[in-house]
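Everything on this sheet refers to the single structure shown next.
Labels below follow one simple rule: chain letters A, B, ... track the order of the sequence lines, proteins then strands, and each chain is numbered from 1.
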2 protein chains.
Amino acid sequence: MPKSPATTARSKRAGSQLTPDAIIEASLRIAARGSEDAFTVRRLGEELGADPTAIYRHFRDKDELLLSVADRTLGEVLDSIPEGLDWKGRIRALAAGSLEVALRYPVVGSTMASRTTRRPNEFRVVELIIGAVMEAGLQGAEAAVHYRMVGESLLAFVGQRAAHLLFDADIRAADESAWSREYRLVDAQAFPNITHLSTELAEVTDEQIFQVRVEALISAIEKRVETLRGA
Amino acid sequence: MPKSPATTARSKRAGSQLTPDAIIEASLRIAARGSEDAFTVRRLGEELGADPTAIYRHFRDKDELLLSVADRTLGEVLDSIPEGLDWKGRIRALAAGSLEVALRYPVVGSTMASRTTRRPNEFRVVELIIGAVMEAGLQGAEAAVHYRMVGESLLAFVGQRAAHLLFDADIRAADESAWSREYRLVDAQAFPNITHLSTELAEVTDEQIFQVRVEALISAIEKRVETLRGA
DNA sequence: CGTTGTTGTCAACGGTGTTGCGCTGCCTCG
DNA sequence: CGAGGCAGCGCAACACCGTTGACAACAACG
């Protein structure tokens with residue numbers, strides 16, 4: 001832990017090879033390799049051309065490193081959202097951007113699905129979502145709980161997709177083929193609905209599902225606003 | 001792997017100490033201890049009073065064991081759903097039951113959040129959800145994609161809650177106190193919405209959020225039905 | 001110029017899931 | 001009734017994981 005510079009601005013040492021930023025970028029490079037290359041401390045040392053344990057001079061543990069990496073990617077998402085969108089557009093852009101980086105760096109999206117980073121960019125996301133639900137017409141406790149619904153749902157969506165991408169290729173293939181193979185062979189007596197929809201079930205794509213899930217969030221907010229207005 | 005009995009019905013050996021069922025039940029006992037006791041193969045052997053590696057005579061690997069355990073708990077959920085409910089009631093009961101077992105056996109709920117078990121009870125759940133969305137008024141491809149939305153959303157919800165329960169107590173405490181502490185101290189200029197809602201944000205409970213998320217699924221389906229009817 | 005503190009290296013620890021080998025005791029069949 | 005075969009279990013070990021403590025090099029400071 002570097003002592004925080006009191007008055008002198010000497011914080012940058014010339015001889016320091018490793019910096020937090022360099023480590024984060026190396027982490028992203030490994031994370032981008034998805035399931036082909038596990039994200040381990042030893043791999044990270046290899047990628048940096050340094051001893052694996054050197055990382056512990058800059059991050060307390062692997063968890064703190066992952067939180068920092070996650071905050072970096074969250075920043076990328078936020079910067080990709082254009083100005084001037086209405087509340088629905090902002091939520092859709094946030095969802096699409098989050099999914100994009102989560103699929104690019106699966107290990108990050110997966111481990112952060114049920115965490116709170118409490119880092120700068122997370123506050124920006126919170127501010128954005130709360131602004132959206134308030135613009136939609138919710139206030140006070142209603143706005144608060146609906147923000148949490150949107151935030152955690154988005155996190156859960158992209159985390160789920162990212163986690164799926166981390167499985168070995170063969171497990172993933174088995175999961176995907178289930179819809180087109182096993183669900184066609186179920187007992188028609190015991191499972192009439194599955195039998196009836198087997199063709200349509202096999203044709204649903206992940207992208208369709210994601211879009212419907214995002215639209216469900218939006219329409220749930222709209223419906224809540226209408227209900228409160230009517231009452 | 002026991003050879004499948006061709007004609008003779010000798011499948012049950014008297015001397016076999018360990019059975020798949022006994023292993024599954026021991027797993028559930030460990031899983032119920034939550035974050036106090038990690039769910040490892042060695043712990044499982046301890047719980048069974050047997051050598052840890054004996055488990056591999058009954059399950060190919062830990063993943064297959066977890067899938068079997070998950071299917072068992074899924075059966076409990078399904079059996080707890082009463083007869084005669086309308087489609088909304090069935091979805092609410094499924095959601096509540098799933099959450100209940102996921103919180104009781106966090107490690108199961110957490111690891112299964114992005115998996116497909118392809119085991120008997122999973123088909124029953126699929127049948128149930130498809131029946132619900134069709135009773136709501138959706139058909140064909142619309143019913144298929146909305147089933148997937150409901151199924152994966154529920155899995156994601158309970159998986160998220162379960163995963164949160166698996167963290168060490170101190171990490172969990174830090175996450176929970178964030179709302180009541182750190183979010184009150186943000187810069188009011190940069191984050192006006194957070195500042196404005198800080199009190200309400202701290203008062204939101206997990207149960208409220210879960211309920212709103214489930215109702216969001218239902219109202220999204222209703223809205224979709226209305227839209228299609230109107231067109 | 002010596003002292004101090006930061007940063008990287010190295011070896012090692014305790015934990016994980018998993019596998020190969022050998023023993024034991026039951027089941028089946030001649 | 002005896003002999004084989006084999007399923008089930010214990011044991012030791014492997015490869016990998018995150019993490020820690022001791023040590024060396026080196027820059028910055030008084």
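- Although no hydrogens or angles enter the test, the distance criterion places a donor-acceptor pair under 3.5 Å between the side chain of B/Glu127 and the main chain of A/Asn193.
- Side-chain N/O atoms of A/Arg42 and base N/O atoms of D/dG18 include a donor-acceptor pair closer than 3.5 Å.
- Note: CZ (B/Arg43) to P (C/dT16) measures 8 Å, nearest angstrom.
- In this structure, A/Glu176 does not pair ionically with A/Arg181, as no charged nitrogen and carboxylate oxygen lie closer than 4.0 Å.
- Across D/dC9, C/dG8, D/dT19, the shortest atom-to-atom separation from the side chain of A/Lys62 is found for D/dT19.
- With rounding to whole Å, A/Glu46 atom CD is found 13 Å from C/dT9 atom P.
- Among the nucleotides D/dG18, C/dG8, C/dG17, the one closest to the side chain of A/Gln17 is C/dG8.
- Ion pair A/Glu47/A/Arg42 not flagged as a salt bridge, since none of the NZ, NE, NH1 or NH2 atoms sits closer than 4.0 Å to an Asp/Glu carboxylate oxygen.
- If you take NE2 of B/His58 and P of C/dT18, they are 16 Å apart, rounded to a whole angstrom.
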Donor-acceptor pairs under 3.5 Å, side chain of residues 146-153 of chain B to any protein atom, not counting sequence neighbours: which ones?
unit_1	atom_1	unit_2	atom_2	d
B/His146	ND1	B/Glu142	O	2.9
B/Arg148	NE	B/Glu152	OE2	3.0
B/Arg148	NH2	B/Glu152	OE2	3.1
B/Ser153	OG	A/Arg213	NE	3.3
B/Ser153	OG	B/Met149	O	2.7

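- In this structure, the CG atom of B/Asp168 is 15 Å from the P atom of C/dG15, given to the nearest Å.
- Atom CZ in B/Arg57 sits about 12 Å away from atom C1' in D/dC11, given to the nearest Å.
- No hydrogens or angles were tested; on distance alone, a donor-acceptor pair under 3.5 Å links the side chain of A/Thr53 to the base of C/dC10.
- Salt-bridge check for A/Arg124 with A/Asp79: passed, with a basic side-chain N closer than 4.0 Å to an acidic carboxylate O.
- Taking atom OH of residue B/Tyr56 and atom P of nucleotide C/dT16, one finds them 12 Å apart after rounding to whole Å.
- Position along DNA chain C of the nearest nucleotide to A/Asp51 versus B/Asp51 favours A/Asp51 as the more 5'-ward residue.
- Rounded to an integer number of Å, the gap from CD of A/Glu64 to P of D/dT19 is 11 Å.
- With hydrogens and angles disregarded, a donor-acceptor distance shorter than 3.5 Å links the side chain of B/Glu122 to the backbone of B/Arg118.
- The list of ring-ring contact (aromatic ring centres under 6.0 Å, His included) pairs with a residue in residues 95-123 of chain B, not counting sequence neighbours, reads A/Tyr183-B/Phe123.
- Here B/Ala50 lies in heavy-atom contact (under 4.0 Å) with sugar-phosphate atoms only.
- For the helix from C/dC1-D/dG30 to C/dG30-D/dC1, the terminal axes (five pairs an end, C1' atoms, rotation from four pairs onto the next four) enclose an angle of 10°, given to 10 degrees.
- The distance from atom CZ of B/Phe59 to atom C1' of C/dT19 is 19 Å, rounded to the nearest whole Å.
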